[in-house]
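Computed from a predicted structure; not experimentally measured.
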There are 2 protein chains.
Amino acid sequence: MDAIDRKILAELQVQGRISTTDLAARVGLTVAPTHRRIRDLEAAGAIVGYRAVIDPKALGLNFEALVFVTMKQEDRATLLGFEEAAAAVPNILQAYRLFGDPDFLLRVRTADLESYTRLQDDVLALLPGVQRFTSTLVMKDVVGDRPYPTG
Amino acid sequence: MDAIDRKILAELQVQGRISTTDLAARVGLTVAPTHRRIRDLEAAGAIVGYRAVIDPKALGLNFEALVFVTMKQEDRATLLGFEEAAAAVPNILQAYRLFGDPDFLLRVRTADLESYTRLQDDVLALLPGVQRFTSTLVMKDVVGDRPYPTG
DNA sequence: ATTGAAATAAACGGTAA
DNA sequence: TTACCGTTTATTTCAAT
């Protein structure tokens with residue numbers, strides 16, 4: 001993982017579909033070694049995959065909320081049960097387990113406030129082991145998901 | 001934005017580098033209309049771009065924290081000043097403006113706890129308009145950034 | 001550097017809402 | 001009529017050896 005690899009990762013995080021030819025020019029190599037490095041980075045798991053970045057509004061997902069979850073107990077089984085159930089809810093885009101209280105933070109997307117209300121009442125409230133949760137509405141994505149710093 | 005477009009978006013969110021040929025087969029069209037749809041989705045802004053998904057550990061970024069920020073004032077200038085300054089910090093991967101208190105939530109990645117300490121003291125603490133902030137360490141990414149539901 | 005595959009773009013006719 | 005598909009053709013670009 002030298003400086004060139006980091007530059008490759010930086011470029012691919014911004015332009016996931018850049019051709020090997022163009023990428024080679026940007027990192028100052030020829031095509032062959034560039035291609036080899038990409039293959040190695042993929043094989044090593046440094047590059048997990050590629051994805052299109054979608055505008056959620058295009059899918060009608062205009063509402064975003066953060067949900068803080070506090071669990072009844074913090075034993076292993078309770079936590080794992082919750083994590084598994086949460087992973088099965090497609091509207092939960094991200095979920096973090098935190099140190100301290102609350103135990104989890106969820107990032108949730110729905111079409112609108114009404115869909116969110118339904119989701120909270122019919123799905124989130126039924127997640128196993130939950131003592132209580134607090135929702136906070138997201139007003140604005142100031143910094144939307146951004147590439148990792150490579151420098 | 002019909003069902004086929006949603007299917008295209010679903011596939012591209014999971015396999016951003018799938019070939020038009022393969023994608024066409026998956027959505028049940030031939031290459032030409034599939035390609036047209038991709039072009040239109042890109043032009044309409046539904047597809048914002050493409051990116052490689054990187055393992056942050058490969059970049060040595062092993063530490064993640066959430067930072068809740070409460071501002072001194074909530075006037076427009078103060079908030080915008082903070083947002084601009086926050087956007088200039090590469091370690092801030094995501095930033096949300098929230099309703100209520102706290103005013104912002106930041107997701108921050110650094111190499112380790114020491115780098116985070118330095119970042120907090122030397123950078124985050126100097127962001128303009130901040131009254132106080134509270135850090136919470138992330139124990140685990142239960143659900144790492146996941147595609148939007150298209151159904 | 002070469003070969004084969006794939007992306008891209010345009011044109012044309014058919015078809016269903 | 002409008003909008004979309006599918007086929008075809010041609011050109012370009014890329015991957016891969």
If I take atom [atom1] in residue [X] and atom [atom2] in nucleotide [N], what distance separates them, rounded to the nearest angstrom?
X: B/Leu29; N: D/dC4; atom1: CG; atom2: C1'; answer: 10 Å
X: B/Met1; N: D/dC4; atom1: CE; atom2: C1'; answer: 16 Å
X: B/Leu23; N: C/dA6; atom1: CG; atom2: C1'; answer: 14 Å
X: B/Arg37; N: C/dA9; atom1: CZ; atom2: P; answer: 17 Å
X: B/Ile18; N: C/dA6; atom1: CD1; atom2: P; answer: 13 Å
X: B/Asp2; N: C/dA17; atom1: CG; atom2: P; answer: 14 Å

(message) For B/Phe104 and B/Phe82, I'd like to know if the aromatic rings sit close, meaning centre-to-centre distance below 6.0 Å.
(response) yes
(message) In this structure, is the centre-to-centre distance between the rings of A/Phe68 and A/Tyr96 below 6.0 Å?
(response) no
(message) Is B/Thr21 close enough to C/dA6 that one of its side-chain N or O atoms is under 4.0 Å from OP1 or OP2 there?
(response) no
(message) If you compare every side-chain N and O of B/His35 against the phosphate oxygens of C/dA7 (OP1, OP2), does one of them come in below 4.0 Å?
(response) no
(message) So A/Arg36, base contact, sugar-phosphate only, or nothing? Heavy-atom distance under 4.0 Å.
(response) nothing
(message) Using a heavy-atom cut-off of 4.0 Å across all strands, would you classify B/Arg39 as base, sugar-phosphate, or nothing?
(response) sugar-phosphate
Measuring from the side chain of [X] (C-beta onward, heavy atoms only), which nucleotide among [options] has the closest atom?
X: A/Asp22; options: D/dC14, D/dC4, D/dG6; answer: D/dC14
X: B/Ser19; options: C/dA6, D/dT7, D/dA15; answer: C/dA6
X: B/Thr30; options: D/dG6, C/dT8, D/dA15; answer: D/dG6
X: B/Thr20; options: D/dT8, D/dA15, C/dT8; answer: C/dT8

(message) Going by side chain to side chain contact (heavy atoms under 4.5 Å, CB included), A/Val142 matches just one of B/Gln94, B/Glu84, B/Arg97. Which one?
(response) B/Arg97
(message) Quick one: does any side-chain atom of B/Glu42 pair with a main-chain N or O of B/Gly49 as donor and acceptor, under 3.5 Å?
(response) no
(message) Return the CD to OG1 distance between B/Glu64 and B/Thr110, rounded to the nearest 0.5 Å.
(response) 9.5 Å
(message) Looking only at the side chains, is there a donor atom on one of B/Asp101 and B/Thr70 sitting less than 3.5 Å from an acceptor on the other?
(response) yes
(request) Would you write the dot-bracket representation of DNA chain D, where each base gets (, ), [, ], | or . depending on whether it forms a Watson-Crick or G-U pair under 3.5 Å and with which partner? (result) |||||||||||||||||
(message) If the threshold is 4.0 Å, N to carboxylate O, is there a salt bridge linking A/Asp112 and A/Arg118?
(response) no
